[in-house]
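A quick write-up on the structure given underneath.
Sequence lines set the chain letters: A, B, ... in the order given, protein chains first and strands last, and positions in each chain run from 1. Heavy-atom basis, side chains included; hydrogens, waters and symmetry copies ignored.
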Amino acid sequence: MSAAFVEQPSQQSFDIEQFLAAEESKGLLRLTTAGSVDDGKSTLIGRLLHDAKGAYEDQLKSAIRGGEIDFSLLTDGLRAEREQGITIDVAYRYFATPKRKFILADTPGHEQYTRNMATGASTAELAIILLDAHRGLTTQSRRHAFIATLLGIPNFVIAVNKMDLAGYDQEVFNRIRAEFEPFLERIDTKNYYFLPLSALKGDNVVDRGSHMPWFEGPCLLEYLETVEPAASMIQAPFRMAVQRVVRPDQNFRGYAGLIGSGTIRPGDEVQALPSGRRSKVRRIVTFDGDLEMAHAPMSVTLTLADEIDISRGDMISSGTPPLSARIFDATMVWFDAHPLDPAHDYLVKHTSHTVPARVDGVRHLVNVATLETEPASSLAMNEIGVVRIATAKPLFFDPYRENRVTGSFILIDRKTNHTAGAGMILAEAEGSLEDAADRLVRLVRAAVPEGARLNLPADDAQAMEVVRRLLKGVLK
Amino acid sequence: MSRLSHLQALEAESIHIIREVASEFQRPVMLYSIGKDSSVMVRLAQKAFYPGPIPFPLLHVDTTYKFKEMIEFRDKFAAELGVKLIVHSNTSALEAGANPFRLGTERCCGLLKTQSLLDALRAGSYDAAFGGARRDEEKSRAKERIFSFRDSLGQWDPKNQRPELWNLFNGRVEPGESIRVFPLSNWTEMDVWQYIHVENIPIVPLYFAKDRQVLVRGNSLIMPEQDFVKPQLGDRLETVRCRMRSLGCSPCTGAIRSDADTLPKIIAELVAVRNSERENRVIDHDREGSMELKKREGYF
Ligand SMILES: Nc1nc2c(ncn2[C@@H]2O[C@H](COP(=O)(O)OP(=O)(O)OP(=O)(O)O)[C@@H](O)[C@H]2O)c(=O)[nH]1
Ligand SMILES: [Mg+2]
């Protein structure tokens, strides 16, 4: 495969409209690296950028050490990283080929910086998990594959790196694959592709090279250019967390937010949560004019047909309603040096909503080497487990595996303001659904037709009959 | 139904970030440097709050050594937009004669940019400040979070950044601490130019090629706007067809030779370019990792 990726337009023949159209048709793929310290993640990203002509010459020049390019220096940009020869925090790099645009997150392998790996992986649609052909698998390889899988990344490249140190031997590759594959199957990793390569020498990165004729699959770049990106969320039920009420004057009241999932049109019926009030979308307002249709992940402002009370943190939804609970179970990755403490005060930030929360117990932690669950009362830094969270107000969510936007949250330590952990909601805890009385109030409210007033008769028995009829209307 | 285009996706992400800040902080402010990235950022802020006004002021930290055309553009731009613009300069350092020629670029930047910025942020008690920096600009910027925590002295600790997952930003701070916010983190130089073209965003004319009188110093083209920028041995004063690829202070920001006098030509030029845009900035090259050092001290 040749590396002529940059079409060099001559000034005369450059047609801007054609160029922009080609640019617009390119998809975007966000990807992350992961794997143990020193397995060659940064070297691989540097090699990829270099061979695909995605690095500027002055940047390449400043990465030269002892007469040769040290590819890891293209992403290891902090002084401490260059001094210690390790990656400390995630670096983001951007490059494009004629087929796709890429946002690359190069993350650290060192266990101490697992939180930074999770940062880079949380938005990725593909993870490249590096393994060292020479050294083999480590617990950290497993931990990273596990975290990336928990985060719901839909595509994986399992790159068996440093094949040059293993004599480019097919047996070595097969052995590592045979050892890792059962692990991936157990954690339910989706769409993984094993690829032998040498980041240092460049084999199977952009060019195939001549050392591994026994391997016939596509090399890395080709794979990245053709893999299916994450399924878009535009078919899912509509969810928009309100970030802000836009109210420039008496005549305009709009709800601004980023559509987390689904599609919306003027006239569509929506429900506001927590109030449960229903209304219809009147307009989809943007600076560039009203829209006939909007979908995830656009930032829009909605106006509704009825005046209903909605504020920041509320959710506008349609279709199957989200779950609602004050107590729920979630898989947590713990980041903070201060271990998870059920006696401690936390805040949950979920969509545009921040609420006081406690941890109502750790159900178990997962031993990442064996995948066995173990009883635990806390999670220490970098540990992963299932915890029960109790919030001061109900949250409106979907399980993370169905919706990464409404199913994710972070836990903030109220004393230090640290982001202490990241959570992926599994389900509401049994019997913890919204308090029965709260639920009833919400249902009654939702049942009252818009514009109508609920004038309950003074007599209790008659009032109950009215409520009963309303609820029947809701339940039918 | 189609997926969003690359630019639409970036726009939606940036608007989300800007709205989060306006809703979560008491006193946000948007740094406005007059350059192309600032112009894009302000347009995104307009979009974020439409049909309402931008609910925070713009702040320009003026070293007084900016290009004259930048200042003209700034004043016209702010007036047309009807947004509140605060201009802050480190007057005491300037009265003491601070300039890059006398102090060297590092100390000059330290006083007129970093110190001045920190003073302005403190004076306004701002708890969040937007900046138009992009991760593709420089290797330490590539490492920075979208919400970047600063301690009460305005310092960045790159080895101890808050994890930042999904689009859930942690903006909690104690009094005196603050967050720098970078809504354009994921934009590239190419994205910015395409967006300016597609959106018709006004920019300073210095970005367009024209015959200009410059001092030719080695590979650098310096516009002699300030009295202290005088020809040195070997310099030649010449008229060169050139433009600015990035804007800063006139003594420290070099022009590039170019014929690109329209946006399509600038974009065409960018497709073929082999060096990063900061190559023409004197200040980034003071020493290895100098951007990181400046950022740790509070520079944007
Ligand atoms: N022989 C050989 N060495 C490699 C290869 N890839 C990387 N290395 C070397 O392995 C060492 C570590 O490489 P890095 O790229 O810094 O590893 P990393 O995975 O980014 O490490 P962390 O980010 O700190 O976790 C360096 O000395 C590289 O030159 C390879 O394919 N073959
Ligand atoms: Mg690395």
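When heavy atoms are compared at a cutoff of 4.5 Å, A:Thr75 approaches chain B solely by way of its backbone atoms N, CA, C and O. When heavy atoms are compared at a cutoff of 4.5 Å, A:Ile412 approaches chain B solely by way of its side chain, counted from C-beta outward. Only the backbone of A:Thr286 comes within contact range of chain B, judged by heavy atoms closer than 4.5 Å. With a 4.5 angstrom heavy-atom cutoff, A:Val405 does not touch chain B via any of its atoms. The contact between A:Val285 and chain B is made entirely by side chain atoms (from C-beta outward), counting heavy-atom distances below 4.5 Å. Looking at B:Ser23, both its backbone and its side chain come within 4.5 Å of chain A, counting heavy atoms on both sides. With a threshold of 4.5 angstrom between heavy atoms, A:Thr303 does not approach chain B through any atom at all. Only the backbone of B:Ser185 comes within less than 4.5 Å of a heavy atom in chain A; its side chain stays farther off. For A:Leu347, the part lying under 4.5 angstrom from a heavy atom of chain B is the side chain only. With a 4.5 Å cut-off on non-hydrogen atoms, A:Ala105 does not touch chain B at all. Heavy-atom distances place the side chain of A:Asp288, and not its backbone, under 4.5 Å from chain B. Both the backbone and the side chain of A:Tyr92 come within less than 4.5 Å of a heavy atom in chain B. With a 4.5 angstrom heavy-atom cutoff, A:Gln59 touches chain B only via side-chain atoms. Both the backbone and the side chain of B:Glu174 come within contact range of chain A, each with at least one heavy atom under 4.5 Å from a heavy atom of that chain.
The shortest non-hydrogen separation linking A:Thr301 to B:Tyr50 is OG1-O, 4.2 Å. Closest approach of A:Glu23 to B:Gln194, counting heavy atoms only: OE1-NE2, 2.8 Å. Between A:Val246 and B:Gly52 the shortest heavy-atom distance is CG1-N, 4.0 Å. Contact record, A:Ser122 with B:Leu165: OG-CA, 3.4 Å, taken as the closest heavy-atom pair. Of all heavy-atom pairs spanning B:Trp166 and A:Leu151, the tightest one is CZ2-CD2, 3.5 Å. Between B:Ala12 and A:Pro297, the closest heavy-atom pair is CB-O, 3.2 Å.
Comparing B:Val198, B:Asp136, B:Leu7 by how many heavy-atom pairs each has under 4.5 Å with chain A, the most go to B:Asp136. For the options A:His350, A:Glu81, A:Glu17, heavy-atom pairs under 4.5 Å to chain B are most numerous at A:Glu81. Between chain B and the options A:Pro248, A:Gly77, A:Ser299, heavy-atom pairs under 4.5 Å are most frequent for A:Ser299. Between chain A and the residues B:Arg162, B:Arg19, B:Lys47, B:Glu199, the largest count of heavy-atom pairs under 4.5 Å involves B:Arg19. Contact count against chain B (heavy-atom pairs under 4.5 Å) is highest for A:Asp89 among A:Ile88, A:Leu28, A:Asp89, A:Leu258. Taking A:Glu24, A:Arg93, A:Lys101 one by one and counting their heavy-atom pairs under 4.5 Å with chain B, the maximum is reached by A:Lys101. Taking chain B as the reference chain and counting heavy-atom pairs below 4.5 Å, the highest number among A:Ser408, A:Pro229, A:Gly27, A:Gly120 is found for A:Ser408. Chain B forms the most heavy-atom pairs under 4.5 Å with one residue out of A:Asp336, A:Asp76, A:Val300, and that residue is A:Val300. The choice from B:Ser140, B:Pro51, B:Pro158 that makes the most heavy-atom pairs within less than 4.5 Å of chain A is B:Pro51. With chain A as the partner, the residue from B:Ala9, B:Ala22, B:Pro53 showing the most heavy-atom pairs under 4.5 Å is B:Ala22.
Residue B:Arg172 places its CZ atom among 12 or fewer non-hydrogen atoms of other residues, nucleotides or ligands, all under 6.0 Å distant. The local environment of CD in A:Glu57 is crowded, with over 12 non-hydrogen atoms from other residues, nucleotides or ligands closer than 6.0 Å.
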| request: Would you sort out whether B:Arg145 and A:Asn116 count as a side chain to side chain donor-acceptor pair (under 3.5 Å), showing the intermediate values? | output: CA-CA 10 Å; B:Arg145 299 282 188 261; A:Asn116 299 333; 2.9 Å; yes
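Between A:Arg30 and B:Glu13, at least one side-chain N (NZ, or NE/NH1/NH2) sits under 4.0 Å from a carboxylate O, which counts as a salt bridge. A salt bridge links A:Lys349 with B:Glu20: at least one charged nitrogen is closer than 4.0 Å to a carboxylate oxygen.
Note that the CG atom of A:Leu78 and the NZ atom of B:Lys139 stand 10.0 Å from one another [nearest 0.5 Å]. Annotation: the span from B:Gln161 atom CD to A:Tyr113 atom OH amounts to 12.0 Å, rounded to 0.5 Å. Distance check, rounded to the nearest 0.5 Å: CG of B:Asn167 to CZ of A:Arg404 gives 11.0 Å. Rounded to the nearest 0.5 Å, atoms NE2 (B:His197) and CD1 (A:Ile16) are 4.5 Å apart.
Just one of A:Gln243, A:Arg244, A:Arg312 meets the side-chain hydrogen bond (donor to acceptor under 3.5 Å, both in side chains) condition when paired with B:Glu24; it is A:Arg312.
Between A:Tyr94 and B:Asn186, some side-chain heavy-atom pair lies under the 4.5 Å cut-off. Side chains of A:Tyr56 and B:Val273 form a contact here, defined as non-hydrogen atoms less than 4.5 Å apart. Side-chain atoms of A:His295 and B:Leu4, non-hydrogen and from C-beta on, do get closer than 4.5 Å to each other.
In this structure a side-chain-to-backbone donor-acceptor pair under 3.5 Å is present from A:Thr119 to B:Glu164.
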